[in-house]
Student: 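Input: one structure, supplied below.
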Amino acid sequence: MTPLRRHRALTRIWASDPGWKGWFTTVNHTDLGRMFMFTAMIFFVVGGILAMLIRAQLATPRSAFMGPEVYAQVFTMHGTIMMFLFAIPLIEGIAIYLLPKMLGARDLAFPRLTAFGYWCYVFGGSMLLFAMLTGLAPDSGWFLYPPLSSTLGSPGINSDFWLIGITFVEISAICAAVEITVTILRFRAPGMSLDKMPIFAWYMLVVALMILTGFPPLILGSVLLELERAFGWPFFQVAEGGDSLLWQHLFWLFGHPEVYIIFLPAAGIISTVLPVMARTTLMGYGWVVAAAVALGVLSFGIWVHHMFTTGIPHMALAFFSAASTLVAVPTAVQIFAWIGTIWKGKPQLKLPMLWILAFFATFVIGGLTGVMLAVVPFNWQAHDTHFVVAHLHYVLIGGFVFPVLAGLYYWLPHLTGRRRFFRLGEPAFWLVFVGFHVTFLAMHWVGLLGQRRRTFTYEHGQGWEAINLISSIGGFITAIGFALVLIDIAINALVTLRGRRNPWGAGTLEWAMPKPVPAYNFASLPPVRGREPLYDDPGLDLRIARGEGYLGDPGDGRRKTLVVDIASGRPEQVVVFPSNTALPIVMALVTGVAFLGVLIKAFWLVPLAVLGVAALAFRWVWSLGTRTDEGLLDAGHGLSLPLASASTRPPGWWGTAFLLVANATFFASLLFGYAFLWTVAPNWPPPAYLEPGLAGPALGLAGIVLAPLGLRLAERLLRAGHAMTPGLAIALTGAAATASAGVLAVLASADPQGHAYDAIVRVIAGYVLIHVVLAAAMSVYLAARRSAGFVSPDRYGEVRIVRLWTDYAAITALLGLAALHLPGALT
Amino acid sequence: MRDVLRVFGPFSVWFACFSAVYGLHGLVCSERWSAAGLSLWDGRLALLAACIAAVSIQVGVALMLRAPRLAASSGFTQSVSLWLGWAAVVATLWSLFPVVVTSTCT
Amino acid sequence: MHPAGPAAEAIAALWWVMLVGSCVIFVLVMALLALALRRSNVEGRGDGSEGERVWLVGLGLVFPLLVLLALLAYGLVIGERLAPRDGPEVVTVRAEGRQWEWRFSYADAPGLVTEGVLHIPAGTPVDVEITTVDVIHSFWAPRLAGKLDAIPGHVNVLRIEAREPGEYAGVSAEYSGPGYLDHRFTVIAHDADGWAGFLRGAAP
Ligand code: HEM
Ligand SMILES: [Cu+2]
């Protein structure tokens with residue numbers, strides 16, 4: 001088969017639908033990565049316009065441009081858009097676009113999930129845009145502190161838009177994170193062991209795991225606050241046993257890791273681009289991996305540094321002050337690894353390198369002011385002034401936007417298949433760099449002079465006029481610079497000449513493919529022997545195109561790629577991907593209806609939508625797998641591999657496992673909230689604790705034992721060739737028993753509006769109930785799969801997935817019921 | 001998976017211990033503590049004990065990573081996880097030392 | 001940044017130390033970066049692996065650990081010193097925030113309430129018990145001390161002290177809605193006579 005014929009055959013298999021329909025049915029990571037990035041850029045423009053409104057307002061004292069109400073919406077939306085609708089989705093887009101190409105796979109682990117995540121992002125983001133255009137935007141700051149954001153301070157719908165829209169967008173982040181984790185661990189080129197992974201993949205692995213454990217606390221907080229706003233369950237109202245500090249803990253448990261979720265991918269880009277620009281390899285690969293991991297985890301232990309002024313005792317502040325200074329160490333390791341890389345290489349001052357140098361100059365300042373803010377007494381003065389605003393922009397723009405622009409220019413030839421011809425990028429760079437420092441250096445200064453953030457104007461005669469004016473002028477220069485960058489990228493993407501395949505002479509696999517990028521990425525999957533496959537083997541791209549790698553035979557017209565062993569990268573299975581479908585967008589729409597129902601208080605919509613989602617989810621999973629035992633498939637190079645869906649741990653098992661990591665964090669945050677209220681909230685104990693009685697614990701325990709046992713029995717029976725029914729029946733009985741215990745607890749918590757204790761009991765019991773019911777539904781699904789022939793004595797991976805879920809439900813039921821009954825039993 | 005767990009494990013343990021000590025501190029300074037008839041000195045002792053436990057656990061983890069039974073499948077993940085193991089010990093000492101130097105609940 | 005009390009003075013000193021330190025570190029890092037860029041134009045040197053120790057262990061680990069240790073210790077000592085400790089002559093007042101005003105009451109003069117103006121004796125440590133009746137606010141008199149939040153249901157205690165009699169501006173420093181900008185108060189520090197007079201109800 002000639003390369004051209006192979007290209008045609010593979011394109012037929014992998015291409016998205018032609019025309020406009022393709023936008024809505026594509027599941028291809030190249031398409032979706034581009035769509036993510038493009039949408040994020042639109043939000044960047046919107047957020048940027050809002051920033052200009054802010055700076056216009058603050059340019060002169062007593063400006064009559066905006067009143068306090070409008071200004072509140074503007075700064076809240078600016079922060080919210082930049083953090084949730086620009087930065088995070090842009091990272092997701094970059095990772096979705098690049099990772100399979102760098103790792104040597106043909107797509108991400110769960111292509112339809114990528115699409116579902118994208119549409120959740122679009123719909124959630126649109127809700128916020130809609131709120132802004134109708135003047136109903138959230139207005140209590142991007143961290144939405146209750147009671148100001150709750151019914152007391154914001155009786156209107158404004159906060160609901162935030163809670164619901166952002167939660168919707170976070171679903172998208174969780175989807176992307178599950179996907180990225182499983183892809184990095186298992187969807188790599190044959191032979192790419194963990195130590196040969198491109199450094200960007202290590203960073204993204206850390207980031208994805210951080211999203212899985214960092215976002216759930218905020219999702220929980222949003223759920224609780226929405227319950228408070230919609231039904232009056234007083235989690236954050238002190239008179240009824242709540243505490244507004246709980247929100248701050250939940251928010252910053254998310255919020256601080258969030259900052260590193262934004263910074264680490266940017267660091268990954270630098271670690272990838274800088275060595276190529278310096279024509280060498282990264283200094284201290286292992287050190288950098290260790291630093292990224294340490295930084296990622298450390299960033300979870302420092303959330304309280306956003307709460308230094310809330311009256312927490314000094315010892316606790318000292319813990320968090322110490323831990324916060326500690327993050328400077330792995331950061332320093334990375335910075336010096338990069339400078340060392342330049343030192344050992346021969347750097348060229350191309351445009352991506354300029355942005356990286358700007359990163360150094362800016363981020364180091366941001367890091368130093370960060371360390372200052374970590375010192376408690378200084379924080380007491382600087383907190384909530386423009387000093388903090390300046391610091392956070394040094395970190396976010398210097399540490400995120402600059403590196404991302406370096407990356408964008410570096411991968412631009414890859415994205416567009418063209419050479420950069422118009423040289424608008426250089427003047428744009430200087431405008432942004434100079435403008436940025438003028439804006440924000442000045443801002444540090446007014447902050448120290450006492451200008452508070454979020455104040456919509458200031459008086460004459462405080463000595464702030466000149467500084468603010470300079471800052472605003474700088475802001476406009478920056479904005480012009482950014483606009484030129486976008487124009488530069490647009491025209492270079494649309495009109496210039498075709499470029500070479502590997503213009504920078506890089507070593508990673510994404511440069512081994514033809515441009516424009518084919519839908520299937522690699523005509524055959526390259527065997528990998530080192531960290532820079534293209535340096536080790538300069539002719540690799542041609543051999544890939546000639547089909548000399550793995551899976552080079554288009555074969556039966558199914559979309560196929562390899563699954564490898566996590567540590568060694570040894571090929572283990574062949575996975576078959578689903579093809580184009582509108583299911584993700586439809587499912588996202590129906591999910592959106594559920595959110596909309598809560599938003600407009602049409603609660604009857606919610607159960608309908610949930611049923612719809614369940615039905616769609618059923619269709620979604622039903623289409624996976626095969627009805628026959630296919631045995632071994634030829635993967636090329638004399639290798640015969642089984643289908644992934646026939647293995648004991650199919651990709652779906654891994655996806656479920658990492659989804660459960662996020663879910664477990666959610667549950668742990670819920671238990672934390674419960675314990676927090678119990679120790680700290682002023683109006684505790686509640687009028688009465690739950691009476692445990694006998695029925696609840698007994699039923700619960702019985703179910704907790706029975707359900708996992710039933711599934712194990714079902715698997716035994718299946719593998720011995722018998723009917724699974726007895727096992728599944730036991731599992732269902734167990735689920736029913738635990739569910740009744742949950743219902744009893746719900747009924748016993750009679751007055752969720754009266755005291756936060758009753759409210760949180762309901763939430764915990766509800767959580768257990770939902771999980772048990774889902775486990776039961778999955779058992780029924782298994783029975784159907786068995787009778788349809790998708791599950792057989794040799795293909796029982798799905799039983800393992802259901803078992804995993806059931807075990808999880810049982811464990812959370814055990815913990816949840818124990819937490820509910822303990823206080824009552826003790827008193 | 002073992003390699004990945006080795007790499008992420010040490011600092012995750014740090015986070016667990018750190019949060020536990022912080023939680024204990026919250027309890028010590030809350031009304032529940034005095035309601036249970038315990039004094040601030042008891043609190044300081046409990047915190048000290050918790051810190052010592054945390055450091056021992058962390059050292060235990062670092063030593064455990066050397067066990068041949070848990071060895072990583074490549075020299076790379078083996079050495080990265082060993083570094084991280086000891087780095088996490090330092091992080092524990094660093095972040096918990098306020099227990100001995102600052103006042104308990106003011 | 002014109003401190004007028006011990007707490008604010010300590011923090012201002014801390015700031016100047018950190019500013020100088022940061023500038024030195026910034027210049028150092030930039031110099032290293034420039035050096036790295038320059039040096040690499042020199043031909044004929046090793047593959048660079050000999051530098052890993054210096055860059056990663058020396059500059060990446062040891063250097064920040066030493067600097068941070070010193071800074072952390074300094075910060076903690078100040079933090080401890082600023083904590084409200086019992087003393088014979090500490091005066092206690094109460095600050096209650098609401099949208100958008102502050103009410104102050106005085107342990108030494110039960111029943112006396114002032115709105116928007118907090119009276120304190122100069123040269124004496126004062127503990128302000130801060131709380132709120134609605135949303136979160138923050139009590140901040142920049143020239144006297146750092147800020148501390150007013151959280152519903154909680155009472156936080158801030159130690160302030162004015163060295164000299166006089167008027168000091170104060171603001172709320174946690175966003176609290178449209179009236180936030182003008183959510184201000186004034187602290188009036190009296191000399192001994194003035195304070196005694198104030199407590200007797202003579203002079204506001
Ligand atoms: C030219 C670019 C930008 C300018 C001139 C700018 C300006 C500002 C200003 C003046 C404020 C303070 C408003 C106030 O407190 O009164 C602010 C807040 C903020 N900005 Fe930016 N910004 C820019 C870009 C960004 C970017 C790229 C991000 C994030 C990736 C970002 C994130 C934030 C956040 C999170 C806040 C806090 C909002 C709040 O207080 O609720 N900004 N920005
Ligand atoms: Cu933070």
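Here is the naming used below: chain letters follow the sequence lines, and residue numbers restart at 1 for every chain.
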Student: Please flag which part of A/Leu298 lies under 4.5 Å from any non-hydrogen atom of chain B: side chain, backbone, both or neither.
Tutor: both

Student: Which atom pairs, one donor and one acceptor, sit under 3.5 Å between chain B and chain A?
Tutor:
residue  : atom : partner  : partner atom : Å
B/Arg32  : NE   : A/Trp678 : O            : 2.7
B/Arg32  : NH2  : A/Trp678 : O            : 3.0
B/Trp94  : NE1  : A/Ala322 : O            : 3.0
B/Trp94  : NE1  : A/Thr325 : OG1          : 3.4
B/Thr106 : O    : A/His314 : N            : 2.7

Student: Measuring heavy-atom distances to chain A, does B/Val99 have an atom under 4.5 Å in its side chain, in its backbone, in both, or in neither?
Tutor: both

Student: How long is the span from the CZ atom in B/Phe8 to the CG atom in A/Leu205, to the nearest 0.5 Å?
Tutor: 4.5 Å

Student: What part of A/Val206 gets closer than 4.5 Å to chain B, counting heavy atoms only: side chain, backbone, both or neither?
Tutor: both

Student: Most heavy-atom pairs under 4.5 angstrom with chain B, which of A/Ala318, A/Gly301, A/Pro685?
Tutor: A/Gly301

Student: Quick one: disulfide bond (SG atoms under 2.5 Å apart) pairs with a partner in residues 68-106 of chain B, sequence neighbours left out?
Tutor: B/Cys29-B/Cys105

Student: In terms of heavy-atom proximity below 4.5 Å to chain A, should B/Ala91 be classed as side chain, backbone, both, or neither?
Tutor: both

Student: Relative to chain B, which of A/Pro330, A/Gly296, A/Gly286 shows the most heavy atom pairs under 4.5 Å?
Tutor: A/Gly286

Student: Heavy-atom distance under 4.5 Å to chain A: side chain of B/Leu96, backbone, both or neither?
Tutor: both

Student: Quick one: are A/Leu326 and B/Val90 in side-chain contact, heavy atoms under 4.5 Å?
Tutor: no

